[in-house]
Amino acid sequence: MESVGVAPAPAAVAVAEQKMKLLEPRKEPLASAAAAAKAPCKWAMKKKLVGGDAGYVLEDVPHLTDYMPELPTYPNPLQDNPAYSVVKQYFVNTDDTVTQKIVVRKNSARGTHFRRAGPRQRVYFQPDEVNAAIVTCGGLCPGLNTVIRELVCGLYDMYGVTSVVGIEGGYKGFYSRNTVTLTPKSVNDIHKRGGTILGTSRGGHDTAKIVDSLQDRGINQVYIIGGDGTQQGASVIYEEVRRRGLKCAVVGVPKTIDNDIAVIDKSFGFDTAVEEAQRAINAAHVEAESAENGIGVVKLMGRNSGFIAMYATLASRDVDCCLIPESPFYLEGKGGLLEFVEKRLKDSGHMVIVVAEGAGQDLIAQSMNFVDTQDASGNKLLLDVGLWLSQKIKDHFKKKTNFPITLKYIDPTYMIRAVRSNASDNVYCTLLAHSALHGAMAGYSGFTVAPVNGRHAYIPFYRITEKQNKVVITDRMWARVLCSTNQPCFLSHEDVENMKHDDDERHHLHNTQLLDGSPAKCSPNCNGSAGAE
């Protein structure tokens, strides 16, 4: 690909030359090839990397023609759609890509890009041959029904597809339940409800049975809505579909209320969750303010990532302390949480604490000698940090004479995720659904769709399943939280410096692995983005 405009900087040229050399096929001894086949990360052999000038790298997504090169193409029906008659440019340019990093220096390499989402001029499915299926997996999240609705209506209204079915009960529904016919009429009002009309479950992934079901039912487009575990399952389904040589597009729509999916700007339902969390925080603030030495403790969702707690705290401005999984804290002693609570009560007479459900799990496990267990999705079962923390605070102040407190604990966890999506998330879900079906009709498969720096893109499954997005506590956004609450960070200067050093090493490691195709390895604290600004 040619660079446009000014000549690339020398440093960028050097990086580009290195990448292009590494992208060339390697002539290795048979023994080396065999060793590579046994490597722990199967994705290393399946990355579609395209190099270009000035350090440009496209991490492309699979296409049906990768293993079915003789597939015919057809004109996109959108060109005859009256709704698109006033659109200046119907279709996305085939060379359009979206950059992962938008903050660069003058001599920086152009870096990683993803294929831009949107309708293509040629499609690989005729409307009357499409038999699409939609499934929702994992936990509930605001916006699930909106995505289902817009997938169905988009396929019908934009592409003329008339065969769309829903798979009930998550992955296991492929082989244990009948399908449900979905039409624009049947899904017309579902965006006004919380939950998912198709039902959901954790676990139940049996690749062979699922692909057998797709094959038996003649399904050639499958839209899988779920979190990182669900997307991992979708990637395995795609691999089996490809191995069997089936003309079936496997498309993921990332869903997690925790906003912990790497690479993408945010996940749908997150804005709704932050907005709904305000009601619980407001209630806690009223209770705390109305009592002598009142304390309101609110537990919010956030198993491994504290984005909901962080953004809800910033939005509220009534929170005095925000605790998240990424930022360790301790209770006793100088500079500990209990000392801070006591000081804040003396200064203000009340306080509100917001805690993410995954915060302080090590402290709880140590105090209870708890052994880790997992749910059906393989997620670690969490102990109730809200109840534990509330009891620790009560126990602390029982020892204080003439210092009575009133503590109220509010857990709105399942109320938040069960509500209908707000206006912002409804629009977002619509764009996600349309981008997903445009990609499937254009023959792309084995990808998930989401915005990257504000532009919707097709992202290979491995990029969103290799690690989780986490709050970067050495970033300015977390500093804003600390400024808002005036809480201590509960970390020593040495801890902060070590985290900065670890973050720099992780970014260097990812860049190196992208060049040489080695499997990605990350520590449990690795984050999926360079930090929100």
With rounding to the nearest 0.5 Å, note down the distance linking [atom1] in [X] to [atom2] in [Y].
X: I281; Y: T313; atom1: CD1; atom2: OG1; result: 5.5 Å
X: D66; Y: L71; atom1: CG; atom2: CG; result: 10.5 Å
X: E129; Y: S163; atom1: CD; atom2: OG; result: 11.5 Å
X: F268; Y: I257; atom1: CZ; atom2: CD1; result: 10.0 Å
X: Y428; Y: E150; atom1: OH; atom2: CD; result: 14.5 Å
X: Y444; Y: T65; atom1: OH; atom2: OG1; result: 8.5 Å

Exercise for review: Verify whether one side chain among T146 and N426 offers a donor that lies under 3.5 Å from an acceptor in the other.
Suggested key: yes
Check your understanding: Is there a donor-acceptor contact under 3.5 Å linking the side chains of S424 and N422?
Key -> no
Check your understanding: Centre of Y311's six-membered ring, under 6.0 Å away, within 45 degrees of the axis: is that where NZ or CZ of K266 sits?
Key -> no
**Study point:** Cation-pi check, K247 onto Y124 ring (under 6.0 Å, within 45° of axis)
**Key:** no
Do [X] and [Y] come within less than 4.5 Å of each other through their side chains, counting heavy atoms only?
X: L198; Y: V135; answer: no
X: K255; Y: V147; answer: no
X: V187; Y: C153; answer: yes
X: T196; Y: I148; answer: yes
X: I464; Y: D228; answer: no
X: T430; Y: H434; answer: yes
X: N188; Y: R149; answer: yes
X: Q221; Y: N131; answer: no

Check your understanding: When you look at V297 and I410, which way does the side-chain contact (heavy atoms from CB on, under 4.5 Å) test go after all the steps?
Key -> CA-CA 6 Å; V297 178; I410 298 176; over 6 Å; no
Check your understanding: Taking it one step at a time, do V222 and C248 satisfy side-chain contact (heavy atoms from CB on, under 4.5 Å)?
Key -> CA-CA 7 Å; V222 56; C248 179; 4.3 Å; yes
**Study point:** H438 and its ring-ring contact (aromatic ring centres under 6.0 Å, His included) partner, picked from Y90, Y84, Y159
**Key:** Y159
Review point. Closest approach of A436 and V251, non-hydrogen atoms and distance?
Key: CB-CG1, 3.8 Å
Practice item. Considering only NZ, NE, NH1 and NH2 on the basic side and carboxylate oxygens on the acidic side, decide whether E240 and R243 come within less than 4.0 Å. Key: yes
**Study point:** Evaluation steps, salt bridge (Lys or Arg N to Asp or Glu O under 4.0 Å), between R244 and D212
**Key:** CA-CA 10 Å; R244 298 189 189 187; D212 284 345; 2.7 Å; yes
Got a sec: does the [atom1] of [X] have more than 12 other heavy atoms crowding it under 6.0 Å?
X: M415; atom1: CE; answer: no
X: D128; atom1: CG; answer: yes
X: R122; atom1: CZ; answer: yes
X: K192; atom1: NZ; answer: no

Practice item. With side-chain hydrogen bond (donor to acceptor under 3.5 Å, both in side chains) as the test, would you mind laying out the steps for Y409 and D384 before giving the verdict? Key: CA-CA 12 Å; Y409 172 49; D384 194 326; 2.9 Å; yes
Point to revise | side-chain contact (heavy atoms from CB on, under 4.5 Å) assessment of Q278 paired with V274 | key: CA-CA 7 Å; Q278 300 305 299; V274 172; 4.3 Å; yes
Practice item. With salt bridge (Lys or Arg N to Asp or Glu O under 4.0 Å) as the test, would you mind laying out the steps for E326 and K470 before giving the verdict? Key: CA-CA 7 Å; E326 296 88 341; K470 296 196 174 187; over 6 Å; no
Exercise for review: Before giving the answer on side-chain hydrogen bond (donor to acceptor under 3.5 Å, both in side chains), spell out for D258 and T256 the whole-Å C-alpha distance, their side-chain angles and the decisive distance to 0.1 Å.
Suggested key: CA-CA 5 Å; D258 292 347; T256 167; 4.6 Å; no
Exercise for review: Tell me, with the steps shown, if V385 and L363 meet side-chain contact (heavy atoms from CB on, under 4.5 Å).
Suggested key: CA-CA 9 Å; V385 64; L363 290 176; over 6 Å; no
